[in-house]
Each structure stands twice: as structure tokens, then as C-alpha cells.
2 protein chains.
Amino acid sequence: MNKKLPDKTVERLSQYRRALLNYLSGGKQHIFSHEIANLLHITAVQVRRDLMLIGYTGTLRQGYDVKELIEIIGKIIDTRDGQKVAVIGIGNLGRSIMGYFSGKRTRLSIVAAFDNNPEKTDKIYAGVQCYHIDQMAEIIKKEGISIAVISVPGEEAVKVAETLVMTGIRGILNFSPKPLNVPAHVYLQEYDMITMLEKIAYFAKKG
Amino acid sequence: MNKKLPDKTVERLSQYRRALLNYLSGGKQHIFSHEIANLLHITAVQVRRDLMLIGYTGTLRQGYDVKELIEIIGKIIDTRDGQKVAVIGIGNLGRSIMGYFSGKRTRLSIVAAFDNNPEKTDKIYAGVQCYHIDQMAEIIKKEGISIAVISVPGEEAVKVAETLVMTGIRGILNFSPKPLNVPAHVYLQEYDMITMLEKIAYFAKKG
DNA sequence: AAATTACTGTTATTTTCATAACAATGTTAT
DNA sequence: ATAACATTGTTATGAAAATAACAGTAATTT
């Protein structure tokens, strides 16, 4: 069970869960693989294969028990006590991420925000305290934060990442355009808006 | 030459170009594959393989001519007249995307923004005119916009996407958490913040 | 009771992407 | 002049991900 799942499967499990929670509020108790597939616009085989990997098995005539499946996915992708997240850089992007989470009940909670602009520090954004970036290491250790979102400009990103690694952070989501270099024990996911738009532009070209 | 390149290669070409532009401002004329690799924290083989795919060839002792390479990448991933982009939904995320582009000289230009909040429409954000979302189809056709970024809440995303497809848009970047369904001729790239953070959380778990 | 149907779970194949291996070649050192 | 070196371009291999193929099975139909 604790064997690591494929990257893409984990992504889809997260999406299955949210789709199922929504589906459940429609009152239905059971769901077929092709119905899940339709919710996500993927294939039924993909769904069944993912569920095989987490060892959940449905029933032949009814499909999957929605509540049960939601619970199983939770057991796989959540930790028992949840995980704490910090957002570094409270520009528009940082605030939008904090907005996504505020009010949502999830096992991930954003518990601290950091910025180097004194006008932003010591205030509360979307229910989260914003500290000065100099306090980052201290607060991350004290709170036991394990995940960080970097939404600072490129120039500052490298330094921020170094500090984060020092604090023992375990996962980083980097929205800055600067490629980061982290040790193998830190899971790094980069997302560069410009690159993504340029890629879309390439595939959107005619001919 | 017009054979479509692998998805990931296109992403890296975009990154090579930006790294090279930056490198060029340091005054150097030539660069080796392993130096490019270091800039992006990837391997030199990967770089050489990508350049092979676009048919650019360096010299044995000097490596690659930086200016030449930048130009070649431009010929591959840009269109001659550039492409126009619209941002749908001017929340924090929409504004942050517009911020990324303002001032950057690139062949992609954000030329219109849309929102359904009357307080936001008919104003200018980051130098871009914001229209009411009802005008979307009209403006997109008139301006010849080929790429759209969806940064509206999930509830509205499906309807927005339908309208976009109707206008003949060719590429969509969807930041809403709702999976979209578009015809094959529209290149769709989804990015779901919650899913990405949950994935990072999974791989950041101990054990 | 046999055949058909509509699903699931799993193995096999294909595709995409990354890595490794290595031949070719100009440059420098001996 | 020969050997050693550093670099490129390309082919071969490996890994990850998606898709296809199909066996198994309970319910339903004939």
C-alpha cells in the first residue's frame, strides 16, 4: 500500500476525490468507472487502472461506492494530521492561491504567508498571517510547515528556495520563472506561466 | 521543419530562449550544451537532443552561437505576426498573469481581458482593456485572438470554454478546477492548483 | 439452462519522454 | 605526428504513462 504511486495517478486521485464529493452531494451512492471518466473527460480504462493501483475494488453491478472511494483516496493522499503550507510572496498570485484554499475543508492548510514588503507584513490575508520574509525559517520550523509555494519574482526565488531547503521543507511549488535546484529529498514542481503560454501558442499555430 | 515537436521539448525551448537572452546580456557570444543545461538544472544530453530536433547545429570547439540559437528558437515557436491572448476573469490570478506579461517583449500579447463584474469592466488593468464577458465572442473575433486564459471560478468555466470554442479559439489555458472538454483542434492545457498542491503533499510525505 | 449483457480487474502493447552510449571531429598537449 | 581531450550529433536503451485487449463474473434475457 505504501508503494509510491505514479505522479499522474496521484494527480487524478485528487481530481477524482473532488469530483466525487460533488457527485455525492447530488445524492447518488454508487458510480461506474465510465461515469467518473466522463466527469474528468478521460477514459474509463484510465480510471479503473488508477483504482487498481490503490487496491480499491468495486462491485460488478453497482460500480464503486462513492463514500468508500472518497475515504480510500483520503487514506492514500492525505496524512493523518494534515500538512501545513506556506506561501512566499503575497502578490496577486500568492493571494489567489490563498483565496483558493480559504473556506475549503482539506487536509492542507495554509498557515503562514511571507513577503519582503513591510507594508504587507503583520497583516492578515484570506485569514492567514503574513510575516516578514526574514522570519521565514523560524516560523516554518516552529509551525512544522512541510510545503511551500514560491510566488516571488524570479530574482528572489533562488535565495528563497535555498532558505526553504535549509529549514527542512519537503515539497515546493515554484511559480517563479527561475529554474530551481533542490536536493533529491525535496519534491519540486515548477510552473512557469510564460513557458506554458508559449507552448500553447506553439500548438495553437495553424498547419 | 514543420513537423510537430514533442510537448516537453517545446516547453524547454521556451526556457532555453529566456535563459539565453539573459546569458547574452552578460556579454558572452557562445555557449556549450552543458552550460545551457546548468542554467535549467537539466542534463546536457537533453539540451543537445532538443537542439537536434530543431535541426540547429553548433560548432565543436565553441558550442552554440547564442544569438543564432535565440533566433532559431524564435522561428520555431513564434508566429511571424505574433499571437493575441485574452484573459477571462480578472481576479487575483488573472491580474497576476497580466502582470507577468506587462513590459515583457514577446510575440504573445495580452490584448483583452474579460470579467462579469460591472465594477471591473471598462477599466484598464496592466495596460489591457477589460470588457464585460458578454462582449467576449465579439471582441475575440474582431481582434483575431487565438489564445485564452481561463481564470474564472469553476462554476463559470464550462460556459466560458464553450463560448471560446465557438469563437474559433485555438489554445486554452484553464486555471479553473473544472475539467474542460474541447474539440481536438483546440489545444487545452489544464492547471489545477489544488490538485498540484495535493500531489506535492503526497510526495512530500515521509516514508 | 444457455446465451447475452454490462460491467470490473489485469495483463499486454504502444507511445512519449529521458537517459545512456558512442562515433565523429577539431583542438591541444606531448 | 601522435595521442589525449572535450565537445557535438545521433542511435540505442530504459522508464513512465496511456491505451488496448481481454478474461472473469454477476445479472438479465431467451
Side-chain angles (χ1 to χ4, degrees), chain A residues 1 3-16 20 28-66 68-69 72-73 179 184 187-190 195-196 199 202-203, chain B residues 1 3-16 20 28-66 68-69 72-73 179 184 187-190 195-196 199 202-203:
Chain A
M1 168 71 96
K3 188 81 179 317
K4 283 283 184 249
L5 297 166
D7 201 282
K8 300 291 180 183
T9 294
V10 176
E11 283 184 24
R12 282 187 299 266
L13 287 175
S14 161
Q15 297 184 298
Y16 296 157
L20 289 171
K28 305 237 196 77
Q29 305 280 324
H30 293 89
I31 192 167
F32 294 121
S33 65
H34 64 262
E35 293 177 303
I36 299 179
N38 286 342
L39 294 173
L40 273 71
H41 307 301
I42 60 177
T43 68
V45 186
Q46 183 81 83
V47 174
R48 293 205 301 276
R49 215 173 183 301
D50 287 335
L51 298 189
M52 185 193 87
L53 291 175
I54 64 174
Y56 180 66
T57 145
T59 60
L60 195 40
R61 208 50 192 177
Q62 298 194 103
Y64 305 97
D65 183 298
V66 181
E68 236 175 65
L69 182 47
I72 294 275
I73 292 176
Y187 185 89
L188 170 65
Q189 164 84 37
E190 317 227 26
T195 284
M196 284 306 159
K199 179 178 76 165
Y202 173 81
F203 287 106
Chain B
M1 169 70 95
K3 189 85 180 312
K4 283 282 182 250
L5 297 166
D7 201 281
K8 300 290 180 184
T9 294
V10 176
E11 283 183 24
R12 282 188 298 265
L13 287 174
S14 160
Q15 298 184 296
Y16 295 156
L20 289 170
K28 305 237 196 76
Q29 305 280 326
H30 293 89
I31 191 166
F32 294 122
S33 63
H34 64 262
E35 294 177 304
I36 300 180
N38 286 341
L39 295 173
L40 272 71
H41 307 301
I42 60 176
T43 69
V45 187
Q46 183 82 82
V47 174
R48 293 206 301 277
R49 212 168 187 302
D50 287 334
L51 298 189
M52 185 194 88
L53 291 177
I54 64 173
Y56 180 66
T57 146
T59 60
L60 195 41
R61 207 50 193 176
Q62 299 193 105
Y64 305 97
D65 183 298
V66 181
E68 236 174 65
L69 182 47
I72 295 276
I73 292 176
Y187 184 89
L188 170 65
Q189 163 84 39
E190 316 227 26
T195 284
M196 285 306 159
K199 178 178 74 166
Y202 174 80
F203 287 105

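So you know, we letter chains A, B, ... as the sequences are listed, proteins then strands, and number each from 1. Owing to the predicted nature of the structure, the values given are computational and were not obtained by experimental measurement.
- Residues A:Y56 and A:D65 have side chains in contact (heavy-atom distance under 4.5 Å, counting atoms from C-beta outward).
- Among the heavy atoms of the strands, none lies under 4.0 Å from A:T9.
- Residue B:F32 contributes atom CZ, which lies 6 Å from atom P of D:dT8 at whole-angstrom precision.
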- Encode nucleotides 23-30 of chain D as B, S and - characters from 5' to 3', where the letter depends on protein heavy atoms closer than 4.0 Å: B to the base, S only to sugar-phosphate, - to neither. -BBSS---

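- A pairwise comparison of heavy atoms in B:L5 and A:F203 identifies O-CZ, 3.6 Å as the closest pair.
- A heavy-atom distance below 4.5 Å is found between the side chains of A:P6 and A:L53.
- Look at CG on B:L69: it is 14 Å from C1' on D:dT8, rounded to the nearest Å.
- With a 4.5 Å cut-off on side-chain heavy atoms, A:R12 and A:K8 count as touching.
- Looking at B:Y202 and A:E11, their side chains never come closer than 4.5 Å, going by heavy atoms from C-beta outward.
- Residue A:Q46 contributes atom CD, which lies 16 Å from atom C1' of D:dA21 at whole-angstrom precision.
- In this structure, CZ of A:R48 is placed 12 Å from P of D:dA20, rounded to the nearest angstrom.
- In this structure, B:I54 atom CD1 and D:dG9 atom P are separated by 11 Å, rounded to whole Å.
- Listed candidates were D:dT8, D:dT11, D:dA18. Nearest to the side chain of B:Y64 is D:dT8.
- If you check residues 36-45 of chain B against DNA chain D, you find no residue with a heavy atom closer than 4.0 Å.
- When DNA chain C is scanned 5' to 3' for any atom under 4.0 Å from a heavy atom of chain A, the first and last hits are C:dA6 to C:dA12.
- To the nearest 0.5 angstrom, B:E68 atom CD is 7.5 Å from B:H30 atom NE2.
- A straight line from CE of A:M52 to P of D:dC22 spans 18 Å, rounded to a whole angstrom.
- Between the CD1 atom of B:I31 and the P atom of D:dT7 there is a distance of 12 Å, given to the nearest Å.
- Looking at heavy-atom distances under 4.0 Å, B:T57 makes contact with sugar-phosphate atoms alone, never a base.
- In terms of the side-chain contact (heavy atoms from CB on, under 4.5 Å) criterion, A:Q29 has no residue partners (sequence neighbours excluded).
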In a table with atom names and distances, give each donor-acceptor pair under 3.5 Å that connects a side chain of residues 40-47 of chain A to protein atoms at least two apart or in another chain.
from	atom 1	to	atom 2	distance (Å)
A:H41	ND1	A:N38	O	3.4
A:H41	NE2	B:P179	O	3.4
A:T43	OG1	A:Q46	N	3.2

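- Among all heavy-atom pairs drawn from B:Y187 and B:D7, the shortest one is OH-OD2, 2.6 Å.
- Taking atom CG of B:L53 as the reference point, atom P of D:dT10 lies 10 Å away to the nearest angstrom.
- Map B:R49 and A:L51 each onto its nearest nucleotide of DNA chain C; the residue landing nearer the 5' end is A:L51.
- Residues passing the side-chain contact (heavy atoms from CB on, under 4.5 Å) test with A:L39 are A:A19, A:Y23, A:I31, sequence neighbours excluded.
- The nearest pair of heavy atoms linking A:L20 to A:V66 is O-CG1, 3.8 Å.
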- Worked verdict on A:L69 versus A:Y16 for side chain to side chain contact (heavy atoms under 4.5 Å, CB included): CA-CA 9 Å; A:L69 182 47; A:Y16 296 157; 5.9 Å; no

